[in-house]
Amino acid sequence: TVLILGGTNALEAKAIIDDLLVEFVFADGGRSKAVAVAAMLTVFGRLLLPFKSLRPCFIFLGNAEGAGKTLLVKCCCVPTLGFAPTGTKPDDEDEMRKALLTAIIEARPVIFFDNAKKHIASAALEGFLTAQDYGDRILGQSKSFRGDNNTVMFITGNGCTFSPDMRRRSLICELFLEEERAEDRVFRNNLEVPMLLDRRIEILSALWAFIQDWDKAGRPKPSRGHSGFPDWSNIIGGIVQHAGYGCPLETPKIEAAADRDGADMRALVKAIANGATLKSVQFDEVVDAARAGGLFDWCIPPNGELEPKPKASFARLLKSYDRRLIGGYRFTLLDKGRNRRFQVEVITK
């Protein structure tokens, strides 16, 4: 199918996209809406980016089911691709690596993990998001494959938390559902695939008008950048802000968009110190302090011994904070193996 784009000016383009998104309730107004428009432009304008440029992961969060997260991803993907490649996030790291490698082998333009649960953290996924090319051994075979990573990643979830590494690699868009029951919400416009395909030329012409208007204006940069994906920031971020949607790279101020691990870690070091200026504890004491405060519940159960897998995950997380300043304290790992201790020291400026 050949689509003929053009004939839409910047003002008309903004009216088209605003009308498309009018029924989505963005929890923090302009910033989340700017992220949504940036996601649409990223799928449509991937070839605007220099070869091997990195892109952010787009995480669409809702306060409850039915907030419109999946519909919004469809609005980002269907006009350009003709479909939204919906899937679920693998819980196992081997399955995650398999899913990511399959996407590279098939040169998929988009990966969409819908309705993720609880805590979003994956070493394989975090590595994938910072890889210009990606390779791995093909499971079940003695062969490996490596290819260019040109995939745009989407994840949706309700009230999810995520690791600091996922936060650093992602842009967050949060949607809000006001109704008590999702089925009570009535959408005026049908935003499903048939309608999006019917409006395909109109939507893509609007996105193309944004790009042309930005180019004619001298390709202005956004008000802030991002060191993790600088080319994307300057190009897609610049287009979005020039179109009048604000900067998608602004820091989220909404609570649900903060990384839970960071907040829990600040509470943990304070609990360990318990008023002391210098204190060191063993791993089991760290677990007890976290459990008492209801912290890191994605890996620490309310009672009982830690299973090997969550224990290893928690140990890796603690190691990632070694020698870092956290909420007025320095957190340091001392010694190794069974002699390892965790020190918390008050830092005064």
Shortest non-hydrogen contact between [X] and [Y], atoms and distance:
X      : Y      : result
Phe44  : Trp208 : CE2-N, 3.8 Å
Ala36  : Phe26  : CB-CE2, 4.0 Å
Lys279 : Val281 : CE-CG1, 4.2 Å
Lys14  : Ala243 : CD-O, 3.3 Å
Leu171 : Pro248 : CD2-O, 3.8 Å
Ala209 : Asn9   : CB-O, 4.1 Å

Less than 4.5 Å apart, side chain to side chain, heavy atoms only: is that true for [X] and [Y]?
X      : Y      : answer
Pro230 : Leu54  : no
Gln241 : Cys247 : yes
Thr88  : Phe113 : no
Asn234 : Pro222 : yes
Phe58  : Val43  : no
Cys57  : Ile155 : yes
Arg97  : Asp94  : yes
Leu125 : Met153 : yes

Where the side chain of [X] meets the backbone of [Y], is there a donor-acceptor pair that is under 3.5 Å apart?
X      : Y      : value
Arg200 : Pro79  : yes
Glu93  : Ala124 : yes
Arg330 : Val346 : no
His226 : Arg169 : no
Arg291 : Pro301 : yes
Thr80  : Cys77  : no
Asp264 : Phe296 : yes
Arg46  : Asn150 : yes
Thr151 : Arg108 : yes
Ser320 : Leu317 : yes

Are [X] and [Y] grouped together when hydrophobic residues (ILVMFWY) are joined by side-chain heavy atoms under 4.5 angstrom apart?
X      : Y      : value
Leu196 : Phe83  : yes
Ile272 : Leu334 : no
Met40  : Leu11  : no
Val269 : Leu278 : no

If you count every heavy atom of other residues, nucleotides or ligands that lies below 6.0 Å from Lys221 atom NZ, does the total exceed 12? no
Do other residues, nucleotides or ligands put more than 12 heavy atoms under 6.0 Å from Glu305 CD? no
If I take atom [atom1] from residue [X] and atom [atom2] from residue [Y], how far apart are they, to the nearest 0.5 angstrom?
X      : Y      : atom1 : atom2 : result
Ile235 : Ile239 : CD1   : CD1   : 7.0 Å
Ile211 : Leu48  : CD1   : CG    : 4.5 Å
Tyr321 : Arg266 : OH    : CZ    : 8.0 Å
Lys89  : Ile111 : NZ    : CD1   : 12.5 Å
Asn115 : Thr156 : CG    : OG1   : 6.0 Å
Cys76  : Leu21  : SG    : CG    : 8.0 Å

Row check, Phe154 ring normal vs Lys69 NZ/CZ: under 6.0 Å, within 45°: no
Please lay out, stage by stage, how Ser122 and Phe128 fare under the test side chain to side chain contact (heavy atoms under 4.5 Å, CB included). CA-CA 10 Å; Ser122 165; Phe128 180 84; over 6 Å; no
Let's go through Thr86 and Asp114 carefully: what are the C-alpha distance in whole Å and the side-chain angles of both, what is the deciding distance for side-chain hydrogen bond (donor to acceptor under 3.5 Å, both in side chains) to 0.1 Å, and is it a yes or a no? CA-CA 6 Å; Thr86 309; Asp114 195 21; 5.4 Å; no
As a quick check of understanding, evaluate side chain to side chain contact (heavy atoms under 4.5 Å, CB included) for Val344 and Lys270, giving each step before the final call. CA-CA 8 Å; Val344 174; Lys270 185 177 180 180; over 6 Å; no
With a 4.0 Å cut-off, would you call [X] and [Y] a salt bridge?
X      : Y      : answer
Asp19  : Arg199 : yes
Lys98  : Asp136 : no
Lys309 : Glu307 : no
Asp335 : Arg341 : no
Asp322 : Lys319 : no

Matching residue for Ser170 among Ile59, Asp165, Val35 - test: side-chain contact (heavy atoms from CB on, under 4.5 Å): Ile59
Measure the acute angle between the ring planes of Phe229 and Trp232, then classify it against the limits of 30° and 60° as parallel, tilted or perpendicular. perpendicular
Taking the inter-plane angle between the rings of Phe210 and Tyr245 on a 0 to 90° scale, is it parallel (under 30°), tilted (30 to 60°) or perpendicular (over 60°)? perpendicular
Verdict with supporting geometry, Met265 and Leu295, side chain to side chain contact (heavy atoms under 4.5 Å, CB included): CA-CA 8 Å; Met265 196 66 195; Leu295 309 174; over 6 Å; no
Going through the checks in order, is the side chain to side chain contact (heavy atoms under 4.5 Å, CB included) test met by Glu202 and Ser205? CA-CA 5 Å; Glu202 178 189 21; Ser205 293; 5.9 Å; no
